[in-house]
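Step one of this worksheet: look at the structure below.
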Amino acid sequence: MDLPTIWFILWGVLWAVYFMLDGFDLGAGSLLSVLGKSEAERRMIYRTMEPLWDGNEVWLVTAGGVTFAAFPTTYAVMFSGLYSALMFILFALILRGVSFAFRGAVDDRRWRGLWDFCLMGGSFLPALLFGVAFANIFKGLPLDEHGVYQGSLFTLLNPYGLSGGLMFLLLFLVHGALWLAVKTTGSLRERALEMAKRLWAVLLVAAVIFLLASRRVTNLYDNYLAHPILFAIPLITVAALIAMRVWMAKGEGWQAWFASATTIVSATLFGVVGLYPNLLPSSLDPAWSLTIYNSASSPLTLKIMLGVALTFVPLVIAYQTWVHFLFKGRVKEADLGYEESY
Amino acid sequence: MDALMLSRLQFAAATFFHFLFVPLTLGLSILIAIMETLYVRRGDEEYLRLAKFWGRIFLINFAVGVVTGLTLEFQFGTNWARYSKYVGDVFGSLLAIEATLAFFLESTFLAVWALGWRRLSAKQHAACIWLVALASNLSALWILIANAWMQHPVGYVLREGRAEMGDFLAIVSQPFAWQIFFHTISGAYILAGFVVMGVSAWHLLRRQHLSLFSKSFRLGLALALIFSLAEVVQGHIHGAEVAKIQPAKLAAMESLWETQANAPQTLFAIPDEKNERNRVEIGRIPGALSMLAYHSPKAVVKGLKDFAKEDRPPVTLTFVAFRVMVGLGFLFVGLTLWGWWKRKKLVESPGYLKVMLYALPLPYIALQAGWVVTEVGRQPWIVYGLMRTREAVSPIAVSQVALSLTAFVVVYGLLGLGAFYLMVQYAKKGPAAAPAGAGEEAG
């Protein structure tokens, strides 16, 4: 396997891991006031995410950084082309990020309401827009021969892009609801599980529409038809999606959450594998597409970065797993009386 | 205004704002780590209360630093696409290394530190804040190696119409990068020291928590004193490097128009860029610039007139910012030496405490001025001698940038106000009365 291909796989895996990890706190954040009926419940929801959300978001910084380092031309075209969409995502993530630090700092109902709003909007918008952006990449962006994006924000809001956005949003909402079902107690836990079940049905519809639309609108299936063994990836997605519902029915929260995590990772990889060897297909002329070969860094850079990634990413996974264990268990209402931090 | 100018303004605004918050994390994390270690070692509860008090301020400050860092990374792609494409092979990898090596560590362990009081032993808990301190400084190192490469590109080859990595070790180990790193973190440590001293002085002046804030003041003082002194020496070495590596920047820093031996330094001047001269010059010291830059009064220093007009950085801004930075740097030495003399009788020295309270914003100004010298002085290049800033901008619509710049100004402005308001509130409130306790004791 050549270096650009190895980096293509790593690139896809990093984005998939980012969606899997930040997915649950973007989902839970979007559902803050929907599920959190009282101040105590909303604080429980915050508390389930607090030790982890920032570590999750660094996966986005890393996914962005790796796009920059391994495929600089793709990084340049992707983020300048999707300028407005990315700015919306960034501002949403900014307001959401500071909500965690600011909300509890002033004891005032309206102040908390402001930051709750920022957390919800700031979680909802990226969940939707990441889906819109990636669906458009699967479909192909209007890139000219110089790699200049010939469109606007509204070009992205086509039916296929929106269906991708809706699917991502629902994936994250279910993921977040299941997270709350395993991390909280009492009626909040029950409502979260019920919410996950209801959203799952919508997700199923959205996923079917997206998969069928992908056949019509994109070339994603070409690689699969050429190498049928690859169909294992979408099969895993479908199996995980169904298993998730079975475990939900049994009330097995963690199993359902892991099934949801598997669904997100394999759904992302389904798209990424379908893209290969393209990174950003051009919808104007296939010859103008950015591939892993015409946009990769030099072999030396790819080698150095591979060394860095193979050394440090496992280490990151190790200590972040440790943090999950350190904060294991459900957040109880009684925990809120004790100011854990101070 | 075109997309270029708006993108420059946007990047400047984003960096300025990010750099209001990040320097404090670099030094304050170390001070908190020292406080908590003193508690673990000596069992002095006051240090624990101090660590928690400063921790609250740290967390607000950190949150804003993190979210504004996110936009900086992506702005290279959104607004400087041609730059990213041209130098991503080198520059992108340095940013990616920063994220994997440092930023993960910092974010993960800060959360553990903030929320893990009950779940960790006292020693483990203190280890977490040391990891945060290590990681935030490591993060600064990689970012500044990347910045140093823009100031002085080394270890690259021009191939396939772009700058590609030629020698990774040369990029990472180039002395200029380490100069910039030491220069910047010293400034950051001075800032942390002054913030700690300023807030402590406020409480001491009000005669509350006297023992606690005397300890806090002295820790801040020690850090600021050491690095104020170090910065004078280091700044001088750094300046001599700039003279060699970026002669146009040096000429702008000193507003030196004519190439000459025995080149003077001017304490103050009003540069007249149109007529290529200084309108007013006060306090001319002959030979001083030759001496500082090349350690010989006879050395020839190249003046601005010998650089093509299109290769000159904006003179007035660079010149004024440099004077502000250096002037404040010397003031910090004076203030901290004065403090060293007063260190055992702080409470009886309200005059000094008052000065230190009002001195709190000064290192912020010095740091921003330093950043202006570095970045404005590098113009018109984005990568010195290799790529011009105007060649680097993305092919994007003006309206997009105008909109995002407006959003930056509004959102960042409000966030900044909010963050400083909260930090001032926490600072005034003082430490919690009864320590909740780290380590084994359950809450």
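Per chain, numbering begins at 1; letters A, B, ... match sequence-line order. The structure presented is a predicted model; accordingly, all values stated were derived computationally and were not measured. Below, each value reflects all heavy atoms present in this structure, side chains not excepted, and no hydrogens, waters or symmetry copies.
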Contact part of [X] toward chain A, heavy-atom cut-off under 4.5 Å: side chain, backbone, both or neither?
X	result
B:Ala419	both
B:Leu415	both
B:Leu403	neither
B:Val87	neither

Closest heavy-atom pair and its distance - [X], [Y]:
X	Y	result
B:Phe74	A:Leu60	CZ-O, 4.0 Å
A:Leu326	B:Arg119	O-NH1, 3.1 Å
A:Val58	B:Ala99	CG1-O, 4.2 Å

With a 6.0 Å cut-off (strictly less than), is the heavy-atom count around [atom1] of [X], excluding the residue itself, greater than 12?
X	atom1	result
A:Asp107	CG	no
A:Phe88	CZ	no
A:Lys183	NZ	yes
A:Tyr293	OH	yes
A:Tyr149	OH	yes

Residue pair [X] / [Y], side-chain heavy-atom distance below 4.5 Å:
X	Y	value
B:Arg162	A:Pro72	yes
A:Leu300	B:Phe168	no
B:Val64	A:Phe102	yes
B:Phe408	A:Ile94	no
A:Phe312	B:Ile97	no
A:Val61	B:Leu70	yes
A:Trp322	B:Val112	yes

Inset, instruction - Kindly indicate, with the supporting measurements, whether the criterion side-chain hydrogen bond (donor to acceptor under 3.5 Å, both in side chains) is fulfilled by B:Ser394 and A:Tyr83. - result: CA-CA 10 Å; B:Ser394 298; A:Tyr83 190 96; over 6 Å; no
Roughly how far, to the nearest 0.5 Å, is [atom2] of [Y] from [atom1] of [X]?
X	Y	atom1	atom2	answer
A:Ser298	B:Glu160	OG	CD	9.0 Å
A:Leu90	B:Thr68	CG	OG1	11.5 Å
A:Tyr319	B:Thr108	OH	OG1	5.0 Å
A:Met305	B:Met165	CE	CE	8.0 Å
A:Ile89	B:Thr71	CD1	OG1	13.5 Å
A:Thr67	B:Leu95	OG1	CG	12.0 Å

Legend entry - Option that, when pairs with chain A are counted at under 4.5 Å, heavy atom only, ranks first among B:Pro395, B:Ala397, B:Gly69: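 With the most close heavy-atom pairs to chain A, the winner is B:Pro395.
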Legend entry - Heavy-atom pairs under 4.5 Å with chain A, option from B:Asp89, B:Ile396, B:Val67, B:Val401 with the top count: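 Winner by heavy-atom pair count: B:Asp89.
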Inset, instruction - Look at the rings of B:Phe76 and A:Phe68 and say which category their plane angle falls in: under 30° parallel, 30 to 60° tilted, over 60° perpendicular. - result: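 The arrangement is tilted - the two ring planes meet at 30° to 60°.
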Pick whichever of [options] has the most heavy-atom pairs under 4.5 Å with chain B.
options	value
A:Gly81, A:Gly64, A:Ala296, A:Ala69	A:Ala69
A:Asn56, A:Ile304, A:Val148, A:Leu95	A:Ile304
A:Gly97, A:Ala76, A:Ala101, A:Ser152	A:Ala76

Keeping the roles fixed (side chain from [X], backbone from [Y]), state whether a donor-acceptor pair exists under 3.5 Å.
X	Y	answer
B:Glu73	A:Gly65	yes
A:Tyr75	B:Gly77	yes
B:Ser107	A:Asp54	no

Inset, instruction - Given side-chain contact (heavy atoms from CB on, under 4.5 Å), test B:Leu422 with A:Val106 step by step and report yes or no. - result: CA-CA 8 Å; B:Leu422 292 178; A:Val106 177; 3.5 Å; yes
Inset, instruction - List the steps and the verdict of side-chain contact (heavy atoms from CB on, under 4.5 Å) for B:Phe104 and A:Val313. - result: CA-CA 9 Å; B:Phe104 265 124; A:Val313 172; 5.8 Å; no
Legend entry - Identified side chain to side chain contact (heavy atoms under 4.5 Å, CB included) partner of B:Thr100 from the options A:Thr62, A:Val66, A:Val316, A:Leu315: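 When A:Thr62, A:Val66, A:Val316, A:Leu315 are each tested with B:Thr100, the side chain to side chain contact (heavy atoms under 4.5 Å, CB included) holds only for A:Thr62.
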Inset, instruction - Can you tell which part of A:Lys303 gets under 4.5 Å to a heavy atom of chain B, answering side chain, backbone, both or neither? - result: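 Neither part, no heavy atoms under 4.5 Å.
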